[in-house]
Amino acid sequence: MDQLLTNFIRALRNADVRISTAETLDAFSTVQLVGYRDRQLLKDSLGLVLPKTPDEKAAFDTCFDQFFSFRERSPLPTSDEAPTADSAQPGNADAGGSGESQGQRTGQGEGANNSTQVAEGTSGAELLSGEMSAAQSALGQLLTRANTIEINMAISAAGQQVNVHEIELFTQKGVYTRRILEAMGHAELQQEIFTLTASDAIPDRHLAQDLGRRRDWLRERVRDHVEHQFLLHADVTGRRLRESLLRDLRLSTLEQRHHRLLQDLVQRMARKLVAAYSRRRKIFRRGQLHVPRTLRRNMKYDDAIFDLQWKSVKTDKPKVFAICDVSGSVANYARFMLMFLYSLEEVLPKVRSFAFSSDLGEVSDLFARNDIDDAIALALRQYGNGSTDYGQALADFRKLCLDDIDRRTTVIVLGDARNNYGDARTDVLKEIYDRARRVIWLNPEPRPMWNTGDSEMRHYSPYCHQVDECGTLTQLERVVSRLLQSQR
């Protein structure tokens, strides 16, 4: 039972429920008190000691229902398909015959060589019952006993032996099904069925058919077990694998079907950064004593040091201006950049977003009035038409908000700097550079593509404090994380 609870806690951790060692010990103590008999009591009790947040409680409920599910499965083949030991009970007229017939069944159990003698003096039900008792392989005998509890325990033990909980991909279901069957002795059962099928004795061939039907039933049972383990352990792992791939995939190559998953990923990334950098008032540096302040505060104690004062740093939330190129070549990048900045509103409340292809306009109000998907669609529709003109966009930005830029302002430009050989207006970017605290240029193109063709990166780079490649979500998260750290 300890192993059962350990496996359940492993499944919870895989479902993003944080469980410490102390909470694991609390769970073991809880199970010792309430036991496993009352399923609802067990769920309510573990729900008090393991999950902590509302999201974790929802994940706990789902995981518990899956882990401790009692699903109805098809029973072992019985009757004419594959008779069980029940057919040999005294209530069966044929099974309860004379001592002669019972002796003949005993003789059948002694070996396959006596099968002909049994066939001559027994009824059909007695004959089949005797055949099932003649299975020689361990797995065949297990199936013959027809005890589903014993079979389930054997499947579970074989699953632990082959580490089925390490399944990660749905394509591995067949592999683990085969491994579990092999651990249970499937090869010996197959050989026994092959040998009995090739026998000249009719009872042997009947036994081969019955064992074959039971083997097929067992295979389906093992498949169900592997499917259940996949839902518990690999479903979340597979999602993490997909998210890991999406993080490093260039946004320009993403298909439409991945946008929803990527949006959820962006929002989780934003919440992670919010949790890491939301403390803004004071960050105390423990270990750095503020000597003058400590002496002043303790003068009333006649030079006895009672009240220690530590150095602290005040942090202010920065003003952020995001200028996004939404022309056709970088529209996918701009979509997720705007989405990310929108999600960061809690930690960066003074974000002002601008979009352009030629003329530039502010889209901050669109985010305030509309859902994020609708707001981004409107921004792309209003400003996404026309050829790219960085010179005109910079001039419009200067006209709109140059007076609002000060030493607490960070200006982020997202674009490939391809200006269609027009006037780059580097003078405007230089003026912004002189007034702002930081100017960051995020180019979605690979670095080898910079300064090729009509790219103006060579002219814009001298007037930027930081120039980074930003073509994936991993790169975007790294840049924004550094931005927040610089404001602490």
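Computed from a predicted model, the values in this text were never measured in an experiment. Numbers here simply count residues along the sequence, with the first being 1.
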Test item: Val291 and Thr294 side chains (from C-beta on) under 4.5 Å apart, heavy atoms: no
Asp406 versus Thr409, side-chain donor and acceptor atoms under 3.5 Å: yes
Leu46 vs Phe8 side-chain heavy atoms within contact, under 4.5 Å: yes
Salt bridge Arg179-Glu182, side-chain N to carboxylate O under 4.0 Å: no
Polar side-chain atom of Lys52 near backbone of Val17 as donor-acceptor pair, under 3.5 Å: no
Sidechain-backbone polar pair: Arg425 side chain, Leu394 backbone, donor-acceptor under 3.5 Å: no
Donor-acceptor contact present, side-chain Arg418 to main-chain Thr452, <3.5 Å: yes
Sidechain-backbone polar pair: Asp468 side chain, Leu442 backbone, donor-acceptor under 3.5 Å: no
Reported OG-to-OH distance for the pair Ser327 and Tyr383, which is rounded to 0.5 angstrom: 15.0 Å
Pairwise side-chain contact, Arg219 with Leu181, heavy-atom cut-off 4.5 Å (strictly under): yes
Test item: Tyr460 side-chain N/O and Leu429 main-chain N/O as donor-acceptor pair under 3.5 Å: no
Exercise: do Asp38 and Gln40 side chains pair donor with acceptor under 3.5 Å: no
Between Arg369 and Ser364: side-chain donor-acceptor atoms closer than 3.5 Å: no
Any Met184 side-chain heavy atom under 4.5 Å of Ile155 side chain: yes
Min side-chain heavy-atom separation Asp389-Asp423 under 4.5 Å: no
With Tyr176 via ring-ring contact (aromatic ring centres under 6.0 Å, His included) - residues at least two apart: none
Heavy-atom side-chain proximity of Arg39 to Asp65 below 4.5 angstrom: yes
Passing candidate, ring-ring contact (aromatic ring centres under 6.0 Å, His included) with Trp441, options Tyr433, Tyr390, Trp450, Tyr463: Tyr390
Side-chain (Asp374) to main-chain (Asn370) donor-acceptor, under 3.5 angstrom: no
salt_bridge(Asp434, Lys430) N-O dist < 4.0 Å: yes
Check: Asn451 main-chain N/O paired with Arg458 side-chain donor or acceptor under 3.5 Å: yes
Partner residues of His459 under the ring-ring contact (aromatic ring centres under 6.0 Å, His included) criterion, sequence neighbours left out: none
Non-hydrogen side-chain atoms of Tyr36 and Leu5 separated by less than 4.5 Å: yes
Asn152 versus Arg221, side-chain donor and acceptor atoms under 3.5 Å: yes
Between Thr388 and Ser357: side-chain donor-acceptor atoms closer than 3.5 Å: no
Any donor-acceptor N or O pair under 3.5 Å, side chains Gln190, Arg215: yes
From OG1 (Thr30) to CG (Leu42), nearest 0.5 Å: 9.0 Å
Backbone of Gly422 reached by a side-chain donor or acceptor of Asn420 within 3.5 Å: no
Residues Arg435, Glu431: salt bridge by 4.0 Å N-O rule: no
Glu469 vs Gln475 side-chain heavy atoms within contact, under 4.5 Å: yes
